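Only one structure is covered here, and it is reproduced in the block below.
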Amino acid sequence: MVDRSDDEQADERATMPDDRVLTVPNLLSGLRILMVPVFLWLLLVRRADTAAFWVLVGSGLTDWLDGVVARRYGQVSRLGLVLDPIADRLFVVSTLLGLLLRDLVPSWLVVALVARDLWGVAEMVRLRRHGLSSLPVTFLGKAATFALLVAFPLLLLGAGEGLPQRGALVMGWAFAWWGLGLYWLSAIMYYIQAQQVVRRLGEER
């Protein structure tokens, strides 16, 4: 058996979830959740698209930053493993609905992304029936969320007239298509992993 170095063992310990609540990543995830009603208020009530754009940018940055801080400084917690995907899903769905109500995205995009989330919830329920918590968030899922969080502010920016707005719209749809594809691919991978885990548990019993 190959002995791992002290650095590798330290890195593994740093990424093991613990029971801490007050960590920087958890605070960032909580901040992202609080930004949801602010974004919807700016977008739908005030019609302040520029301010709503920067809220979306801030959400994307906090989503990236909380993962970096958690891994680099060993602040991975069990609460964070639950809170981070909840914050991601909540922001994605609420942003989609807000953009739909402003006629900035088509209804089929909303249906496709929400259907994927409902499938993910169904899989989580199925795992819990077997006494398991949800599976860890994969890099593919995070990449999909990142692509969507880049797409949304670009689509909002592309609502105006002019060459820069048209460029933002093209880039926004490019990221939206990538995000949609990766979103469903991550769901399929999650389903396969869940099937393997449930099958293995059945064999052990």
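Fair warning: this is a prediction, and the values are worked out from it, not measured in the lab. Only this structure's heavy atoms are used, side chains among them; waters, hydrogens and symmetry mates stay out.
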Take V69 and L65 through the test side-chain contact (heavy atoms from CB on, under 4.5 Å) and record every step on the way to the result.
CA-CA 6 Å; V69 172; L65 188 60; 4.1 Å; yes
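- Looking only at side-chain heavy atoms (C-beta outward), Y190 and L140 stay at 4.5 Å or farther from each other.
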Apply the test side-chain contact (heavy atoms from CB on, under 4.5 Å) to residues W173 and L109: give CA-CA distance (whole Å), side-chain angles for both, the deciding distance (0.1 Å), then the verdict.
CA-CA 11 Å; W173 273 110; L109 179 63; 4.0 Å; yes
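- When the side-chain hydrogen bond (donor to acceptor under 3.5 Å, both in side chains) test is applied to T145, the partners found at least two apart in sequence or on another chain are R89.
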Could you walk me through whether F175 and L148 pass side-chain contact (heavy atoms from CB on, under 4.5 Å), step by step?
CA-CA 6 Å; F175 276 103; L148 292 173; over 6 Å; no
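- Scanning both residues, L180 and A112, for their nearest heavy atoms gives CD1-CB, 3.8 Å.
- The line from CZ of R32 to CZ of F91 is 8.5 Å long, rounded to the nearest 0.5 Å.
- Rounded to the nearest 0.5 angstrom, N26 CG and D66 CG are separated by 8.5 Å.
- Environment of CH2 in W64: sparse, with no more than 12 heavy atoms of neighbouring residues, nucleotides or ligands closer than 6.0 Å.
- V150 and L169 fall into different hydrophobic clusters, defined by Ile, Leu, Val, Met, Phe, Trp and Tyr side-chain heavy atoms under 4.5 Å apart, directly or through other members.
- Of all non-hydrogen atoms in L157 and Q165, the two that sit nearest each other are O-CG, 3.4 Å.
- Both L118 and L97 sit in one connected hydrophobic cluster of ILVMFWY residues. Membership requires side-chain heavy atoms under 4.5 Å apart, directly or through other members.
- Separation of atoms CZ (F152) and CG (L99) is listed at 6.5 Å; rounding is to 0.5 Å.
- In this structure, the side chains of Y183 and D117 come closer than 4.5 Å at one or more pairs of heavy atoms.
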Check against side-chain contact (heavy atoms from CB on, under 4.5 Å), V170 and R166:
CA-CA 6 Å; V170 170; R166 285 196 290 271; 5.7 Å; no
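- With contacts defined as side-chain heavy-atom distances shorter than 4.5 Å, the pair D84/K142 qualifies.
- Side-chain contact between L155 and L104: absent, with no pair of heavy atoms (C-beta onward) separated by less than 4.5 Å.
- Of the possible polar contacts, none joining the W119 side chain to the I188 backbone as a donor-acceptor pair under 3.5 Å is found.
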Would you mind writing out the side-chain donor-acceptor pairs for residues 37-57 within the sub-3.5 Å range, not counting sequence neighbours?
{"residue": "D49", "atom": "OD1", "partner": "R102", "partner atom": "NH1", "Å": "2.8"}
{"residue": "D49", "atom": "OD1", "partner": "R102", "partner atom": "NH2", "Å": "3.4"}
{"residue": "D49", "atom": "OD2", "partner": "R102", "partner atom": "NH2", "Å": "3.0"}

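- Between A151 and A176, the closest heavy-atom pair is CB-N, 3.5 Å.
- Summarising the geometry, atom OG belonging to S29 is positioned 11.0 Å from atom CG belonging to L34; distances are rounded to the nearest 0.5 Å.
- There is a path of hydrophobic side-chain contacts, each under 4.5 Å, that joins W177 to V105.
- Every residue meeting the side-chain hydrogen bond (donor to acceptor under 3.5 Å, both in side chains) condition with S186, not counting sequence neighbours, appears here in chain and number order: R116.
- Note that the CG atom of L90 and the OG1 atom of T95 stand 8.5 Å from one another [nearest 0.5 Å].
- When hydrophobic clusters are built by joining Ile, Leu, Val, Met, Phe, Trp and Tyr residues whose side-chain heavy atoms come closer than 4.5 Å, directly or via intermediates, Y73 is grouped together with V24.
- A pairwise comparison of heavy atoms in I33 and A87 identifies CG1-CB, 3.7 Å as the closest pair.
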